[in-house]
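These notes are about the structure you will find just below.
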Amino acid sequence: MPAAPGDLGPALALARGLREAGVPVGTGRVLSMARGAEAVGPEDLYWAARATLISRREDLPAFDRAFEAAFGIETGAPPSGQEIADRLSTVVAPSGLTVAAGDVDDSPESNLASGIDALRTKSFADCTPAELALLARLMTRLRLDPPMRRTRRRATARSGDPDLRRTLRRAMRTGGDPIDRAWRRRRVQPRRLLLLFDVSGSMSTYSRALAMFAHAALRTGPGWEAFAFGTRLTRMTRALGTADPDLAFAAAAAEVTDWDGGTRIGESLKRLLDEHGRTRVVRGAVCVILSDGLEVGDPEELGRQMERLARLAHRVIWLNPLKGSHGYEPLARGMAAALPHIDVFRAGHNLQSLEEVAEVIQRAG
Amino acid sequence: MAFTGVDQLEAALAGESYLADRGLAVSVYLALTLRRPLLLEGEPGVGKTEIARTLARVTGAELIRLQCYEGIDAAQALYEWDYARQLLYARTLQDGGLDPSRRAAELYGPEFLVERPLLRAVRAGAGAVLLIDEIDRADEEFEAFLLEVLADAAVTIPEIGTITADAPPVVVLTSNRTRELHDALKRRCLYHWIDYPGIERETAIIRLRAPEASEALARSVAEVVARLRDLDLVKRPGPAEAIDWTRALAAIGIGRIDAASAAETLGAAVKNRDDMALVRKILPEVV
């Protein structure tokens, strides 16, 4: 406990401030802080509180703000430019998403009973909300099994490398002779899946359909990460895991699209690779990109970042709904620059195509 | 050796050529005083591993290092039996006609136990600094297992019994953030993010670690490296690279970094081909 009871006020205010900023601060941490603050002089209170209350670099700015508010001391760590940009972007009105959603035919005569077969080959962009809902139900039947990779961890197996520990145990039964031998082998584990959704303008319908698919297929599945991009990039794994995919997409689109629409795939990829390139999010994962490839940024930059991505990821699958229309050729400069670094190029514009994608992903091992 | 304050610890670390920033010194002091594990994160090369080494030196403790990697398990971290010797011994027991009920006890005696870092640290107790390096490389299962050992500072070996530390060892964990660690583990730990040092401190660090370099060389390298860190590089040079670079420059007899010598020795500081191309292009400006 701090020396004077009066000290407790700001300390609790600090914990409260952090909680309000979304940083989980349990009572245990607050107790640690009290003990830590007692152990050091008041001039080191900031560092003691920082060491005990948070454990993520991302929480540092929130901590500095909460500390300043609670103790009225400037910590001298101004928010980064990116942060300001992120905050501003939430104020900017969303553009494409609502327009695209309003475009779909909502008339009652659109035939719901048109048969699942017809629906399977119908482009998501032409589907009514009711049909999309039906598709979402159909998608829950799809299974998405990412390919396996061998881990370094070993488990008991019928054959493989000798398992000395078990062999010795069994040898005890046969008087010290290792007659009954045990084996172990490296375990396999599903690869992670990395989903990148283009949520700019016209792509939002397809992205939502793919998200429904991902949501349905992956909820209970292995590790996966999802990001949305427009002119910027945002992580939406958590939002997709917990919330209704539609809400998650509306929020993501509001955050990463500008009033003029447009897609900066190269820059968004760069941001992704800079932040997560060294982590398991990208390395060794099966990466699925859904975008029409209409890059407003520098196509060369897109090519460079795609090369980086291809080097890190296990497989790169690109879904481009435009490919579903007859006579499409990847002539857009962005798409052309990305193409050499793509392993599988598909349309993904209707359910049938997504079924194929599920199969492709499975075989991507 | 107990420290009476942060200042004293800071001075002791400096005495062993480690210039800690105030935040790190406070965190280490708290880890010693509160007997809590310290989780250190930071860009590669900022001295996460080095602080554990230095801490072991200033406290007169033994440094026990556990390097994590994917698939590491209890047999590699905690203990393992020497199976080959056990099998041989089992055969001799068979011939010797020992009482069968005592055979297992003989076979699982301490002489067949291969001690691994965690067990050694628990046995050494307060006399050890346990460095668990790059914990993010191990998998989640290992983390859960580690948590158990850290929580009780005790190890249970079914054949022998429970070994408990009289006082828990000082534990330093480092992570390069290739994955997010589990909350349960983080909650047990104090946390510090080691930032890049400022130019003044980096100069001092270089001077300490590369005594053969002149003050002017150390400062000029610190300044160039600070500017390189502002660039959009895939892998930014840390203090470790700055020290290497200074050494390389000093080795070829450079008194102060210039564009030509920087380009010749750039490989000591920049370790990525794309970064190399970018840096080479603007080197004349930053030097």
Side-chain angles (χ1 to χ4, degrees), chain A residues 24 26 28-29 32-33 35-41 43-60 77 150-154 162-169 171-172 174-178 186-187 189 223 270 273-281 283 304 307-308, chain B residues 5-7 21-31 33-34 36 38-39 41-42 44 69-73 75 80-81 83-84 86-95 100 103-104 107 136 139 141-142 176-181 183 185-193 232 234-235 274:
Chain A
R29 281 188 187 263
S32 294
M33 175 182 73
R35 270 195 236 118
E38 201 185 22
V40 301
E43 74 279 10
D44 288 323
L45 178 66
Y46 168 81
W47 293 110
R50 205 176 107 162
T52 46
L53 287 181
I54 61 166
S55 44
R56 271 155 46 95
R57 186 197 188 185
E58 290 76 8
D59 296 339
L60 284 179
R150 286 208 305 165
T151 67
R152 304 281 311 233
R153 198 171 267 275
R154 287 163 200 278
D163 183 346
L164 288 174
R165 184 184 197 126
R166 239 169 260 276
T167 302
L168 182 76
R169 276 269 170 215
M172 304 286 288
T174 47
D177 278 325
R186 274 165 67 177
R187 227 166 43 187
Q189 217 175 35
K270 180 167 184 332
L273 293 171
D274 284 349
E275 278 176 23
H276 303 278
R278 287 194 298 129
T279 75
R280 296 177 188 190
V281 169
R283 203 178 277 271
R304 267 197 303 277
E307 191 188 337
R308 263 177 92 192
Chain B
V6 182
D7 293 329
D21 67 57
R22 187 68 181 179
L24 179 60
V26 170
S27 304
V28 171
Y29 179 72
L30 287 179
T33 328
L34 307 181
R36 290 268 294 272
L38 174 61
L39 168 64
E41 291 188 331
Y69 51 88
E70 197 196 332
I72 187 172
D73 61 17
E80 174 102 291
W81 293 102
Y83 303 112
Q86 273 179 318
L87 270 175
L88 272 175
Y89 191 63
R91 296 298 297 271
T92 54
L93 283 183
Q94 185 71 6
D95 301 338
R103 247 179 236 162
L107 205 48
D136 51 325
D139 42 27
E141 287 145 316
F142 183 72
N176 280 328
R177 290 163 41 95
T178 61
R179 74 183 169 85
E180 196 70 33
L181 300 180
D183 269 347
L185 182 70
K186 286 182 160 184
R187 255 202 324 270
R188 290 208 62 77
C189 299
L190 300 168
Y191 174 82
H192 183 69
W193 171 267
D232 192 12
V234 174
K235 163 86 182 66
D274 298 345

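All chains are named by letter (A, B, ...) in the order of the sequence lines, taking the proteins before the strands, and each is independently numbered beginning at 1.
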ask   = When heavy-atom pairs shorter than 4.5 Å are enumerated against chain A, which of B/Asp139, B/Thr33, B/Leu39 gives the highest number?
value = B/Asp139
message = Heavy-atom pairs under 4.5 Å with chain A: which of B/Glu80, B/Lys235, B/Arg177, B/Arg187 has the most?
response = B/Arg177
key: chain B interface, residue from A/Pro178, A/Ser55, A/Ala51 that has the most non-hydrogen pairs under 4.5 Å   = A/Ser55
ask   = For A/Arg150, does the CZ atom sit with more than 12 other heavy atoms under 6.0 Å from it, leaving out its own atoms?
value = no
A/Arg166, CZ: over 12 other non-hydrogen atoms inside 6.0 angstrom = no
key: Steps toward side-chain contact (heavy atoms from CB on, under 4.5 Å) verdict (B/Lys186, A/Arg29)   = CA-CA 10 Å; B/Lys186 286 182 160 184; A/Arg29 281 188 187 263; 4.2 Å; yes
Contact class of [X] relative to chain A, heavy atoms under 4.5 angstrom:
X: B/Tyr69; value: neither
X: B/Asp136; value: backbone
X: B/Leu30; value: side chain
X: B/Ile72; value: backbone

ask   = Residues two or more places apart in sequence or in another chain: which of them pass side-chain hydrogen bond (donor to acceptor under 3.5 Å, both in side chains) with B/Tyr191?
value = B/Glu41
Check each atom of [X] against the heavy atoms of chain B and say whether the ones under 4.5 Å are side chain, backbone, both or neither.
X: A/Ala39; result: both
X: A/Glu275; result: neither
X: A/Arg57; result: both

key: Salt bridge flag under 4.0 Å for residues A/Arg187 and B/Glu141   = yes
message = One thing to verify: whether B/Asp232 and A/Lys270 come together as a salt bridge, which I'm taking to mean a side-chain N less than 4.0 angstrom from a carboxylate O.
response = yes
ask   = Out of curiosity, A/Ile54 CD1 to B/Leu190 CG, how far, rounded to the nearest 0.5 Å?
value = 12.0 Å
query = Roughly how far, to the nearest 0.5 Å, is CZ of A/Arg165 from CH2 of B/Trp81?
reply = 8.5 Å
ask   = Does the side chain of A/Arg308 reach to within under 4.5 Å of the side chain of B/Val234, using non-hydrogen atoms?
value = yes
inquiry  = Determine whether B/Trp193 and A/Leu60 satisfy the following criterion, side-chain contact (heavy atoms from CB on, under 4.5 Å), listing intermediate values before the conclusion.
reply    = CA-CA 9 Å; B/Trp193 171 267; A/Leu60 284 179; 4.2 Å; yes
remark   = When every non-hydrogen atom of A/Ala171 is compared with those of B/Leu87, the smallest separation belongs to CB-CD2, 4.1 Å
ask   = For the residue pair B/Arg36 and A/Ser32, what are the closest heavy atoms and their distance?
value = NH1-OG, 2.7 Å
request  = Determine, step by step, whether B/Tyr29 and A/Val40 satisfy the side-chain contact (heavy atoms from CB on, under 4.5 Å) criterion, reporting the C-alpha distance in whole Å, the side-chain angles of both residues, the deciding distance to 0.1 Å, and the verdict.
outcome  = CA-CA 8 Å; B/Tyr29 179 72; A/Val40 301; 3.8 Å; yes
key: Listed partners of A/Arg56 passing salt bridge (charged side-chain N to carboxylate O under 4.0 Å, His left out), at least two apart   = A/Asp59, B/Glu180
